[in-house]
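By convention in this document, chain letters (A, B, ...) are assigned in the order of the sequence lines, proteins followed by strands, and residues within each chain are numbered from 1.
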Amino acid sequence: MPTFRLYDTQSRSVKPVETQEPGHLKFYCCGPTVYSYAHIGNFRTFIASDLVVRTATALGWRVTYVSNITDVGHMTQDDVADAGGEDKMEKALKSKEGDAFANIWDLARHYADAFEDDWNRLNLQQPTVRPRATEHMREQIVAIQGLIEEGHAYETPTGVYFRVSSFDEYGKLSGNRDQDSLMRAVRAVVQDDNKEHPADFALWKKDDKHLMQWFSPWGWGFPGWHIECSAMSRTYLGDTLDLHAGGEDLVFPHHECEIAQSECLTHSPFCGHWMHVRFLQVDGEKMAKSAGNFYTVRDLLEKGHDPMALRLSLMSTPYGKPANFTMQSLKDAMSTIERFREVEKRVRAAGISESADGEPDTETQRVYDEMLEAMCDDLNTSVAIAKAIEGARLFLRDSDLTTSQAQSAQWFLRKTDALLGVVGGTATESLVEEPVVEGRPISALIQERAEAKASRDFAQADAIRQMVDSAGIELRDGPNGTEWRRKVT
RNA sequence: GGCGCCGUAGCCAAGUGGUAAGGCAGAGGACUGCAAAUCCUUUAUGCGGCGGUUCGAAUCCGCCCGGCGCCUCCA
């Protein structure tokens, strides 16, 4: 088995993923704040995490995978807001889209459910636990109390703050170590005169007007953003994690603050390996919710794009490099997905059932081994996908597969899907409604065209194909009749 | 100011010292009533520029040019 190696932000080098318990990976990935629909950039991060889980599993490891949902405490910056900005959830409720919701809990539930739908459509593995900040209030309050008791936090008239100066190693992850740059990083608008130092960050906000509030030793209020991850990761993974992932923007302050809180509280190393996913750009431009130039998963799927093609296009550039999403890249990915499906069809045509196991021949085994090796090499998805295509081509060379070839192909598809997650998900096709062209269902038109072809009336057959083509439907004649598919634009 | 990333064919992109993977698009061919799909063949004397190290550099070093990200709104 190859060694699983990933880039580690803190040591700035690629190093082996080490587990405390042999063969058991404790993995935490920072999830979304559910104030809106997640966009494809969010999912680039979650797909990278998914690939960590799949690769570890392929190596035979057990993975305890925790990915949270932030539904309170994540502040937005706003020029008119007072210290600390505004809670993103509250802001969303006040927006135009927020009118659709009865209250903030309803809004949180809606976007969290939508997030999980998108997650499933993209064939992401279920986390072992998907904790929510609002459901772990006790753990957060206890953690804050612990930090106060140890002198790492203090109460002010507006909240409880972490005392950055009490943790010598603050800045070890991001490199933001010197006080001058920390000072400069603090915007004037978030100053709270009661803080001892501008870099101190909120653990608890006192606010009896907040739409989500809890009673604490410091009165009514709500937790700061960073404490939830420290509290929840400790609850489910213990004091020390093996691997922690998130988007590159989280390096500072979020993960830096998590380290400070957790290590001060537990007196143990928080995490030995940090993985950060580079931002996704769209058509060469930065994508951000605030910029409004983002695609959501549901936008693209509603337009008829295939979820597996979207997944593949989002993972085709390795996570550590900036990726550029374009409609062309989505189309390119679709061609690859169709090749996998073509292999699947040929396997079925050879009489191998979906539930059959299959055995690889040596060539197939070799290609798979190389694919796994690429994934172990810091998730080199570019090479792994090339290997997946190489494997598919082994079975597309001959039009009919022998039984042993088909068994080999079956094995390869299974293994490739388990590792890359891009073969499955074909079931979604059948959910698409049958299109109607000129008032007639497509199946009737296909039938009519088949009859025209049978009587060698090719002009009529071509006229029908032309008609549905202009309606955006493509017809493909195959050995088992004619299939239709929506053309992707 | 601090921290970090990238520049490889028309496009996406692998390769980090031994003589340029893979995909898309393009070209030719097989197959097909015609298409589509699939298969086969083909497409970079060169890896932003200039120097240097080396028997040998896309790969290491230096400088320059260009693009990008984070630094209390973002995954």
Ring pair (Phe, Tyr, Trp, His ring centres under 6.0 Å) partners of A:W204, counting only residues at least two apart: A:W218

Under 4.0 Å, heavy atoms only, any strand: does A:G41 hit a base, just the sugar-phosphate, or nothing? base

Between N or O atoms, less than 3.5 Å apart, protein on one side and nucleotides 31-33 of chain B on the other: list the pairs.
{"unit_1": "B:G33", "atom_1": "N1", "unit_2": "A:D462", "atom_2": "OD1", "d": "3.0"}
{"unit_1": "B:G33", "atom_1": "N2", "unit_2": "A:D462", "atom_2": "OD1", "d": "3.3"}
{"unit_1": "B:G33", "atom_1": "N2", "unit_2": "A:D462", "atom_2": "OD2", "d": "2.5"}

Partner nucleotide, any strand, of B:G51 [Watson-Crick/G-U, under 3.5 Å]: B:C61

A:E342: what forms a side chain to side chain contact (heavy atoms under 4.5 Å, CB included) with it, not counting sequence neighbours? A:K345, A:R346, A:L396

Summary of salt bridge (Lys or Arg N to Asp or Glu O under 4.0 Å) pairs that have at least one residue in residues 311-330 of chain A, sequence neighbours excluded: A:D50-A:R311

When you check the side-chain N and O atoms of A:S313 and A:S329, is any donor under 3.5 Å from an acceptor? no

Please measure how far the P atom in B:C63 lies from the corresponding atom in B:G46, and state the result in whole Å. 27 Å

Whole-Å C1' distance, B:A30 and B:G18: 39 Å

Closest non-hydrogen atom pair, A:A333 against A:L312: O-CD2, 3.6 Å

Taking side chain to side chain donor-acceptor pair (under 3.5 Å) as the test, write out the residues that go with A:E448, two or more places apart. A:R440, A:Q460

Separation of atom CD in A:E90 from atom P in B:C73, rounded to whole Å: 17 Å

Under a 3.5 Å cut-off for both distances, is B:G17 Watson-Crick or wobble paired, and to whom? none

Quickly work out the A:F325 CZ to B:A75 P distance and round it to whole Å. 18 Å

Whole-Å C1' distance, B:G52 and B:U59: 15 Å

Can the ring centres of A:H110 and A:Y37 be said to be less than 6.0 Å apart? yes

Looking at B:A36, which nucleotide sits across from it as a Watson-Crick or G-U wobble partner, both distances under 3.5 angstrom, or is there none? none

Provide the distance between the two P atoms, one in B:C40 and one in B:G22, to the nearest whole Å. 12 Å

When the P atoms of B:C11 and B:U45 are considered, how many whole Å apart are they? 14 Å

Positions of residues 273-281 of chain A (non-hydrogen atom under 4.0 Å from RNA chain B), listed by number: A:R278, A:F279, A:L280, A:Q281

For B:A14 versus B:U53, give the span between their C1' atoms, rounded off to a whole number of Å. 26 Å

Categorize A:R44 for me: base, sugar-phosphate, or nothing, with a 4.0 angstrom heavy-atom threshold over every strand shown. nothing

Sugar-phosphate or base contact per nucleotide [nucleotides 14-27 of chain B; S, B, -; heavy atom under 4.0 Å]: SS-----BSBS---

Same-atom distance (C1') from B:C61 to B:U54, integer angstrom: 12 Å

Atom CG of A:D400 to atom P of B:A37: distance rounded to whole Å? 20 Å

Examine A:H244 together with A:H255 and report whether their ring centres are nearer than 6.0 Å. yes

Mind checking what makes salt bridge (Lys or Arg N to Asp or Glu O under 4.0 Å) contact with A:D377, not counting sequence neighbours? none

Separation of A:L312 atom CG from B:A13 atom P, in whole Å? 13 Å

A:S174 or A:V251: which one's nearest nucleotide on RNA chain B is closer to the 5' end? A:S174

Under the rule for ring pair (Phe, Tyr, Trp, His ring centres under 6.0 Å), what residues qualify as partners of A:F46, not counting sequence neighbours? A:F43, A:F115, A:W119

Quick one: which residue pairs count as a salt bridge (Lys or Arg N to Asp or Glu O under 4.0 Å) with a foot in residues 382-391 of chain A, not counting sequence neighbours? A:R366-A:E390, A:E370-A:K387, A:K387-A:E390

Measure CG/A:L124 against C1'/B:A75 and give the value in whole Å, please. 13 Å

Nucleotide paired to B:C70 in any strand shown, Watson-Crick or G-U, under 3.5 Å: B:G2

State, to 0.1 Å, how close A:Y65 and A:S49 come at their nearest heavy-atom pair, and which atoms those are. OH-CB, 3.4 Å

5' precedence on RNA chain B between A:S329 and A:E342 (nearest-nucleotide basis): A:S329

Atom-pair distance (NE2 on A:H254; C1' on B:C70), nearest Å: 15 Å

Please report the distance separating the C1' of B:A44 from the corresponding atom of B:C68, rounded so that it comes out in whole Å. 26 Å

What pairs meet the ring pair (Phe, Tyr, Trp, His ring centres under 6.0 Å) rule with one or both residues in residues 310-332 of chain A, with sequence neighbours excluded? A:Y295-A:F325

Quick one: salt bridge (Lys or Arg N to Asp or Glu O under 4.0 Å) partners of A:R278, sequence neighbours excluded? A:E248

How close or far is atom P of B:C12 from atom CD1 of A:I337, stated in whole angstroms? 20 Å

Tell me: OH of A:Y319 to C1' of B:C5, nearest whole Å? 13 Å

If B:G10 has a Watson-Crick or G-U wobble mate with both distances under 3.5 Å, name it; if not, just say none. B:C24

